[in-house]
Structure formats: structure tokens, C-alpha cells
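Everything numeric in this text was worked out from a predicted model, so none of it was measured. We name chains A, B, ... by the order of the sequence lines, and we start the count at 1 in each one. Values below: all heavy atoms of this structure, side chains included; hydrogens, waters and symmetry mates excluded.
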Protein chains: 2
Amino acid sequence: MSLLKDHITIYDIARRAGVSIATVSRVLTGKENVKEETRKKVQQVIDECNYEPNLIARALCNRISNTIGMLVEELSNPFFVTICNEAEVYCTNIGYTLLFGIINSWLGNETELLHIIEKRQVDGFIFLGGKANQINPKKSFLDEIRKVSKRLPIVFINSKLDFANCYTVRTDERQAFAKIVNYVISCKHKKIGLITGERGFVITDEKIEVFKEVLARHKMPVNEEWIVSGQYLIDSGASSMQQLLDLKDRPTAVMCTNDTLALGAIKQTFLAGLTVPDDVSVTGFDDIFISKHFIPGITTVKQDYHQLAELAVKKILSHVSGEHCPKETTLDAELMIRDSCKTL
Amino acid sequence: MSLLKDHITIYDIARRAGVSIATVSRVLTGKENVKEETRKKVQQVIDECNYEPNLIARALCNRISNTIGMLVEELSNPFFVTICNEAEVYCTNIGYTLLFGIINSWLGNETELLHIIEKRQVDGFIFLGGKANQINPKKSFLDEIRKVSKRLPIVFINSKLDFANCYTVRTDERQAFAKIVNYVISCKHKKIGLITGERGFVITDEKIEVFKEVLARHKMPVNEEWIVSGQYLIDSGASSMQQLLDLKDRPTAVMCTNDTLALGAIKQTFLAGLTVPDDVSVTGFDDIFISKHFIPGITTVKQDYHQLAELAVKKILSHVSGEHCPKETTLDAELMIRDSCKTL
DNA sequence: TTGTATGCGTTATCAC
DNA sequence: GTGATAACGCATACAA
């Protein structure tokens, strides 16, 4: 039985210091005035005892837990992990703690996971991926989000739901993808293919739109046969690529809507006995950590992971402390030119 | 001000159901007897109101938070992430929540991070990597762990510290590494090199020992020049490989103490104009997700991520509930033969 | 400047 | 089988 943790409490400190618990609490929070002399004495006792306030008790008392729920689609995706990492580090530094919920791995549904975490009295939620990323989320999901958002602030990373206390931090993916499409075109490619993940998601459909728009702007025809959609998995990227390679008239450059797909596409190209970028150029999106180490280094677009994460947390904090903060913040992305796409 | 969350409490339920809060609490916990009729009535009100008990209050009352602190060295390492993912999912399913602390990214030191998390009244700690993995951790660190372990159970994944409430779940890395060394030898390689991460860590030094032992058992001489140590980073694996390639008499197979190093080693081999496995064979350890997708697929050893994570959590639970549980559990690993190591 | 008393939302120990 | 009531550890309004 380890229940008996016989922790030191504020009462112990008060007794040893010869003051009331109110005074101890005052030096703890540092908000109210305490005579310097007594403050010192109390602080000394605190140090001697290695006393640490019980954050659970404090949370119950304050109705603020200094805790944020983070619902992330999939930790196995390097893009998501990096953001979680950044968010976690930032939170730790400001005395917050993240409670993670991993959507895809959880057997129940997304809103159920939301409730499980909400029971722990988080001060807000951050959404990264998941249903919030769908073009047309189910009404039941939207209703639930709307209800929760009445109680707590919610921040969406790279997606957007327009309810009262909902915020968004996102990369301007339209602009970012336009950037890389333009780059590929500038490499003199006339026959450009596109491999995507699941349709019906913002991160997919937006890029398909942009792809077509930019080609149109350059008076280049869009060959629908060269746009192949699958899932956001390496194997899916591979099979999509094979599909393109099998074409009689195949593209000289294949763009992918994320790096995971590009990884699969490049792999498949090699397996087919061809080389990237000599036989076919490939590009990605996100700049996950392995992209610069892959062979060849993947030309892609780098999102500002750090800002994405930090701003998401900051929006929650602002909301909680009653400060005004913009509902939506958009970030730029950077084109990372490496070796997987060559100039013809 | 969102402080006013006007949550529904157990009092509201009690009032609406016409019973006392004690009765509501009874149906909530389900431990004590309640007349079926009143139980139904109360449950109905609970459902109608979508009432969810406040876990913060419950934790304060029970002195059990249903929360576990997980200190992980580095979330950017795919090996660690996978374990965290597994642990998180298992915890969610049993009503627990993990509080992560990311050691390397945290500016302070490891024990400070430990205290930050302990303030949240976690029921135990899981350590993954970090100083616990060192062969000779500093005394100050050991003292701190010993102190904390008097209050809370601690589980080490793939490392071991021998204090009262400390547990260990680990892959038998000695046996596992011996397995792959034997495999490489069985591929007729006579000249085998070894690339490692930082010395002074269990995961490194143990493998070096095993490497030498197995070679000796096969009456093969150990060439110290072929053992090159660096850090557990892709770039380090790359530069170590270059060092080996620069040798007049170089090995035909290069083993790495983890997959990250193998990634770098293979990359560098290609950059040097050579190919894996035709010019040099390479092996890894851990089987991170990208290893099977790399070109060539990396021959490596797969740890049982799922068991590693689940058993760690279970040991905490057992300890908390006063059940006996073995101090140490050892798991087997599986040799994953792919394409990066060929038979001569 | 400091102390007393109350509340935060539960669970658990008593009585009844 | 059920209902008061006292913890749990802290912050704070109000008094002194």
C-alpha cells in the first residue's frame, strides 16, 4: 500500500514556521504582501522540508488546472510528433502540462476521448489532425465540439471549426503548396503528377485545388490520370507511384501532399529499377525529420513546427486569462530544395 | 473569463434525483450496495445531465490520481515515440493518463523535471532513456531517485536502478545483439565493424561487450579500429561510417547499435559512391518504423514495443494496488532479416 | 500584515 | 440501504 504518501502539506509548513496556512499560501503564490521577515522564515522552512505544493489541490481550489488536453491524430506520424514535442516543451517551461489523447489508436471515438480528458479539468484543448481536419465533419462531431467549446477554449492546428471559443493556428498551406508547385514548374517539368492521401480532408483537397489552379495559371493542362489518391501511408505512396509508373505516358515529376507519401513514392521508383530524380522527380510536404536524410534528400516544404505549437498553447493561455487574442493566426512555410527534384 | 465553468457537480445530481450525495457517489463508484431502484433513478439523472465526475476532486480525495509520469529522453527518436504511443493508448483504455516529461528538450535537469511532474501527484513514474541509462549515473541523480522511489514506484524501461520501489522492464539486449552478431557471422563476414552511440550508456557498452564476446567465441579477432563511437544521431552514424570507409583495410559488414546510426551509415555509403549491401553490409537495432522502408530495407532487431510499454504501466498499477509483481521482467527480441546485410 | 473560516467536488466513515 | 459529515490540500474573502 503506497497510498500513505505522508506528504508534507501546507499545514506542516505553517506549524513549523509558526504562522498560519494563509501566510504560507501567500508566500507560495507571491501575489499578496507578506512582511519580508516572515516571508524569509516561511521560505526557509519550505526549502528545508523540500515542500512542493500539491497541484491537484490547487487546481481544485482555483478551478484552473494548468493543464491542456492535446488530441493528436497519430503519434507515429513524424509531423505530429514534432509538434507535440514542441508543445510539451513549451508547456513544461511555463508550468503547464499536456494531457495527450491519441485519436486513431483509441478504440472509442474522438468525442469520447475528449470527454475522458475533460474530466481531468483541462483548461483547454488543442486539436491536431483527426476529424477536425475533414472537409465535412459529421454533424454529431460538430455538435459536440460546439458544446465543449462553450465550456473551454479549443485551438485547431492546421484546421478550422468556426465556433465561439475556437481558435486556429495554421500554416498557409495553399500558399505553401503553390510555392512548391511553382518550383517544380520552374524546373521545366511539363508533365506533373500528384499523389495524395485521403480525399475529404483539408490537407488533401486544398492541395489538389491549388495544384490545378497553379497549373492552369501556367496554361498547363491537368491530366486527371496523373492525380492519384490513397492514404497517408508509405505503402500507399508506393502503390500510387507504381500506378503512375505503369502509365504509357507518365509524368516527369510527381508531387506528393506529404513527405510520407514521397518516401513511399521514391522507394517504389527504386524498386521499379528507376532512379529519383533522374528518371522521375518527386517532392513532398512537411519536411519531416527523415526527409533530409533520405536518399535522395527530399525537396519539400517546411512548416514552422515551433510556432505552430507555441501559438496554439498561447491562445489557450490568453483565453483563460481573459486577454484578447486573434481567432486565427496564419504562418508561412519555407521551400526546402534538396535533391529529389531536378531541372530538366 | 472562462473560470466560470458552472460545471454540474455531484450535488446537482443528488438534488435532482432526490437523494444524498453519498448515494450518488455510491452509484458512481459502484463499490457499495445501492437499492436497484434508486440506483436506476440516479443513473438516469446522471445520463440526462451528461454528468462526469471531476477527476481532480476525486484524486484529491483518494490520494490516487490515476496518472503516471513518463520521463522520456527524446520524442524525436522513433524508438521512444513508439513506446510512448503504446503506453498512452494502454493507459487511456484503463482510465489512466500519462504526464510526459521530455528530458533532453527540457532546459533544466532531469530530477527537476521529475519534481515538476510529481507535484501533480502522479501514482508512479516510468523512465525511458535519460540518465537512468548511464552505466555510472551521478550520485546526486541516484540519491534523488532513491528518495523519490520511497514515495512512488518507478519503472525503468531498458535500464535498471536497484532501489526499493524500482522496477525494470527490458529487452534482453545482450541476447538480442548476440543474435544479430551471430547472423552477420553466419553471412560469412570475417571483417565486421561496429558503429555505436555515446559510450557510458548501457545500450552502448553492453552491445560492445557482446560484440567482442561473440567474435571471440567464433575465434575472430577484434579490430579496435573497426569500432567507432559517436552519438545516437544520423549524422554521427554517417561520419562514423566515413571513418570506416577511409580505412585501407575496411570491414565488409558494419553493425550499428541502433537503427538511427544505420540510417546514417547507409546514407554515407551511398554518398561515398558505394552501395549497401554490395560493397558493405549494414545492420541496425530497434526496428524503427522507417527501417523497413529505407532503401535497402535494414536488417535489424525488433523489440517488443507493445509489451515493453504495457508491462511498465502494469507494474505501476500492481504496486499501487498492493499486489506483488516481479521487480524485473525481461523480453525477447526478434531478428528482422531484410536487405542491408548480404551473404558473402 | 496576519489569522480564521469557507469552499473547491469528491470519497468514506459513521450513524440511523 | 441511506444520509450527514469529515476529510483531502490549497486559496482567499473577510476580520482583526
Between atom CG of Leu98(B) and atom CG of Leu71(B), what is the distance when rounded to the nearest 0.5 Å?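 Reported to 0.5 Å precision, the distance equals 11.5 Å.
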Distance, nearest 0.5 Å, that separates NE2 of His7(A) from CD of Glu118(B):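 That separation rounds to 5.5 Å.
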Considering only dG3(C), dA11(D), dT13(C), which nucleotide approaches the side chain of Ser20(A) most closely?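 Taking heavy atoms from C-beta onward, the closest nucleotide is dG3(C).
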From dC10(D), dT12(D), dG9(C), pick the nucleotide closest to the side chain of Cys61(A)?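 Nearest to the side chain of Cys61(A) among the choices is dC10(D).
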List, one per line, each side-chain donor-acceptor pair under 3.5 Å for residues 306-314 of chain A, sequence neighbours excluded.
unit_1	atom_1	unit_2	atom_2	d
His306(A)	ND1	Glu86(A)	OE1	2.6
His306(A)	NE2	Glu310(A)	OE1	2.9
Glu310(A)	OE2	Lys314(A)	NZ	3.0

Does Asp143(B) come within less than 4.0 Å of Lys139(B), counting only side-chain N to carboxylate O?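 Yes, charged N to carboxylate O under 4.0 Å.
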Closer to the 5' end of DNA chain C via nearest nucleotide, is it Tyr11(A) or Ile10(B)?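 Final value for this comparison: Tyr11(A).
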5' precedence on DNA chain C between Lys31(B) and Ala57(B) (nearest-nucleotide basis):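 The residue mapped nearer the 5' terminus is Ala57(B).
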Which angle, rounded to 10°, do you find between the first-five-pair axis and the last-five-pair axis of the helix from dT1(C)-dA16(D) to dC16(C)-dG1(D)?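 The end axes of the helix from dT1(C)-dA16(D) to dC16(C)-dG1(D) are about 40° apart, to the nearest 10°.
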Are Tyr305(A) and Phe79(A) close enough, and set up right, to give a ring-ring contact (aromatic ring centres under 6.0 Å, His included), and what steps lead you there? CA-CA 8 Å; Tyr305(A) 297 102; Phe79(A) 171 68; 5.6 Å; yes
First encountered from the 5' end of DNA chain D, between Leu60(B) and Val19(B):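 Mapping each residue to its closest nucleotide by heavy atoms, the 5'-most match is Val19(B).
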Does a side chain donor of either Thr111(B) or Lys131(B) reach within less than 3.5 Å of an acceptor in the other side chain?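 No, no side-chain donor-acceptor contact under 3.5 Å.
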Report the C-alpha distance between Tyr167(B) and Phe156(B) in whole Å, list the side-chain angles of each, state the deciding distance to 0.1 Å, and finish with yes or no for ring-ring contact (aromatic ring centres under 6.0 Å, His included). CA-CA 6 Å; Tyr167(B) 301 85; Phe156(B) 297 99; 9.7 Å; no
Applying a 4.0 Å non-hydrogen cut-off, can you work out what [X] is touching in the nucleic acid: base, sugar-phosphate, or nothing?
| X | answer |
| --- | --- |
| Ile21(B) | base |
| Leu55(B) | nothing |
| Ser25(A) | base |

Does Thr23(B) place a side-chain N or O at less than 4.0 Å from the phosphate oxygens OP1/OP2 of dG3(D)?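 For dG3(D), OP1 or OP2 has a side-chain N or O of Thr23(B) closer than 4.0 Å.
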In residues 32-53 of chain A, which ones come under 4.0 Å of DNA chain C, going by heavy atoms?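 Listed by number, they are Asn33(A), Val34(A), Lys35(A), Thr38(A).
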CD1 of Ile64(A) versus P of dG9(D): gap in Å, rounded?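 Rounded to the whole Å, the gap is 22 Å.
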